[in-house]
Amino acid sequence: MTFAPARARFSWALASLASFALILGILPVLAPAVAPPATAANASDFQDGFLISDDNFFDAGSMTASDIQSFLNSKVTSCRGDEGMPCLKDYVAQSTPALGADSYCRAFSGGTMSAAQLIAAVSQACGISPKVILVMLQKEQALVTDPAPSPYQYRAALGQGCPDGAACDPNFAGFFYQVYGASRQFQIYVKNPRWYSYQLGWNNILYQATPPDNDRVCGTKRVNIQNDATRALYIYTPYTPNQAALNNLYGTGDFCSAYGNRNFWRLYTDWFGSPTASPVTGEYARVWASLGGAGGLLGSPTSTEQCFGTYCQQSFRNGTIFWFPGRGVFGVPTVIESMWRNLGFIDGVVGRPTGVVVCQSDMTCTQSFDGGVMAADRTGGNLVGRHVEGVWSSSGGIALGAARGPEMCSNGSQCAQMFAHGALFSGGSATAVTEPIFSAWVQAGASGGSLGFPRSDASCVSAGCTQRFGGGLIASSGRDSAQVVPEPIATKYLRAGGPAGVGGPAGPQTCDSSGACSQRFGSARIDTSSRGTFITMKWFFDAWSAAGFEKGRLGRPLADMSCIPATCYQRFTGGTLSGSPSGGVLAVYGAYRDLWSKNGGPGGSLGLPTSSEACNGVNCAQSFQKGVIGWTPKYGAVAVTGRYLAAWQAQGAGDGRLGGPRSAPTCSAGICTQAFQTGVLTTAPSGALVAVAGEYQSVWNRAGGAKGQLGRPLSDESCNGRSCSQVFQNGVIVWTPGSRAVIVSGWFLAPWQAAGSENGRLGAPTAAMVCLPVTCYQAFQGGTLTGSPSAGVLPVYGAYRDVWMSAGGPAGALGLPTRAESCFGSYCRLPFERGTIIWRQSAGALAIAPPVFATWDAAGGVTGRYGLPLGPAVKIGGKVTQNFERGSISVTG
């Protein structure tokens, strides 16, 4: 079924989609032949034997002095006068001579006059059109458009008396003599035809002058000169342009190209219209001028007035001016005239014109006739239908472009008509589809496509328009573009406010291989898939865009944006966006998102995100208002919140001693602990959180942790530049580069601390406590602590320790120390169970041990018979001998 004339039966409601498609593509198109604009010459119009009509060449009254001055003013806006000469529009001829009349020119009064006045006066005296003089001035010396002419250009203004390759005749030098002499010379050519070689009829005319064509290789052309004006121009410039010159009308051709007569014809055409056209007079001239004259809508005339009984007309390059008795004169461009004649001309449905034509720059024109308004362009046109004429006017009129076929009606009132840029309807719920929605509708197949007919008129705001069709929605963004918005995206888009809410579409819907589709809008994107249809808008749209849309870590949306008093958020397959325009938008991805959501999301225990994820190669973390979620490859995502947060951050957070979290806090018997990659935060007896990290943690754990040998930590690690230590309830862990982490506890803790701990004489421990059946001992940098519950704990320092340990230590010959070191002037002494060690500056530490010790001690010791030792005991054979100050002791050993 197709749209039919009004007399045919038609059901609007049952119109098939295919029917309206006929309006788009099947109705016949009436196409006019349109000539190029009149403002530019076309080489195809050049006639070598008819360069200009005699009427135009000898029309001395075609321009007044005022007209000439206005013309010159239009060609040069400002004069530079580089060589002391004004440009032509400002030139004044001083003391122009008075000349008497002769058989070629009437008397010339002379006097001071401007260039425009001089040209007009010479034109009247010699009967040559001022337009011809102006064109010749440009052709010969470019004087009309040159802003800084030279004196020579004025002396040889028209080339009169200046043959090619020779000096100018001094009798013709100067602007007046050039203009007057050339104009008079043209009359000589015309009135004395036998004096010159070129005659009316066929002539052989050279292509090129000699020189440069010294060898006459260019030859001649057979030219049929049709009138005196053309003959005069060829005598003045005796060459005709070859095809190369015509092929590049505004440039150069080849070696055989001559340009004089080509340039005359081209300049005249560009400035004044066709040189061969008949003049336009009377009412024709008034209408022609109102339409821009030769450079306007109709272009230059191509005929004189012709009459055909009930009307008269004059033809122009791009149209016709008609005169109808009792009605007047109307200009009709070719794009309208072709359609008008195809529709029966004045005897058809269109009738006679009633109004002035209106055209756009693309040559879309409208004009009113008895039968209605014609709307046409270079492709075709038709009458605007009577039923849609009101809508046509209110919808932009000429902006809709040319009619693409006639109005099609059913039942007399339900009508439709297609235009180049719109479709109009009457008798239904919709009245118009206009640009840019119209282009999108046509691209989608118009009424024959999936969208079908419009269900309503467009609804518009400053940001764009939307229009519902039977099969979907089209939305525009501004005045330039529109896109189809398919369901279910269309419903979500309209609920978000359409163009006013999120702007117009930025492109068509796109879909991937999984069937997920999306469409972008000014400040939003709508996605639809098997999961649902969701809109991402406002500040989340920008954040998602920066993250790479669905190809980034966030993936596709799983919900619309939701807002609570603190913030707004939106869930995606790979994470969640949270934030606000003032606070910024941050993404919470993957495991962070899962743990954050488990803790209540934006309104939960962690609050809003305050940073993006950051990684250091060992662990990653994301900060929130009330905590941090840390992530490690081994332990996954773990939150650090509450009082653990500040303590962990004081340790350097994930970059510090503890590393990233490995588990949530746990509490038992009043002790709470959170484990990290390389340490723990645990409750001290004071209630504060203390970090136990690295080797401290390893040693502490081996000792039983908080419930073991050391108990709970009392403070964090401290260092003195040589060693570091951490104090616990029942001991201290000391770390040195050489011995690493060692515990000092039990018996030895108090004596070591009393001696100044690692800063004292003993220094840091170098090994853990060792126990034998008789005692326990622990080595330190400066000595050894040893003792028992009965004897107490005593230090053995430096050289004493070295001698004692070489003697077997607690289980050796000397046994355990029995008292602390005591000094007596020149020596010091440390007693042991079975001997003693004497230290002197001169001899160092020397042991007096069994079997020598018993004899020495019985003899009075230091103050007795033998005195102080001079060296260590030596065993030779079965005897042990040791020398003293006052003798030697040698006993069986």
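Sequential numbering from 1 along the given sequence is applied to the chain's residues.
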Taking side chain as C-beta onward, heavy atoms only, is [X] less than 4.5 Å from [Y]?
{"X": "Thr220", "Y": "Ile205", "value": "no"}
{"X": "Phe58", "Y": "Ile128", "value": "yes"}
{"X": "Trp265", "Y": "Pro241", "value": "no"}

Test: [X] and [Y] ion pair at under 4.0 Å:
{"X": "Asp102", "Y": "Arg184", "answer": "yes"}
{"X": "Arg216", "Y": "Asp213", "answer": "no"}
{"X": "Asp48", "Y": "Arg222", "answer": "no"}
{"X": "Arg80", "Y": "Asp146", "answer": "no"}

Looking just at side-chain N and O atoms, do [X] and [Y] make a donor-acceptor pair shorter than 3.5 Å?
{"X": "Ser338", "Y": "Thr334", "answer": "no"}
{"X": "Asn56", "Y": "Ser53", "answer": "yes"}
{"X": "Gln208", "Y": "Tyr239", "answer": "no"}
{"X": "Glu83", "Y": "Ser150", "answer": "no"}
{"X": "Ser123", "Y": "Lys131", "answer": "no"}
{"X": "Gln199", "Y": "Asn203", "answer": "no"}
{"X": "Gln226", "Y": "Thr230", "answer": "no"}
{"X": "Tyr250", "Y": "Asp270", "answer": "yes"}
{"X": "Asp362", "Y": "Thr364", "answer": "yes"}
{"X": "Ser66", "Y": "Thr64", "answer": "no"}
{"X": "Thr434", "Y": "Ser395", "answer": "no"}
{"X": "Tyr234", "Y": "Thr240", "answer": "yes"}
{"X": "Asp254", "Y": "Ser257", "answer": "yes"}

Test log, rule side-chain contact (heavy atoms from CB on, under 4.5 Å), inputs Phe175 and Tyr180: CA-CA 9 Å; Phe175 183 68; Tyr180 183 85; over 6 Å; no
Within 6.0 angstrom of Gln306 CD, more than 12 heavy atoms from elsewhere: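 Result for CD/Gln306: enclosed.
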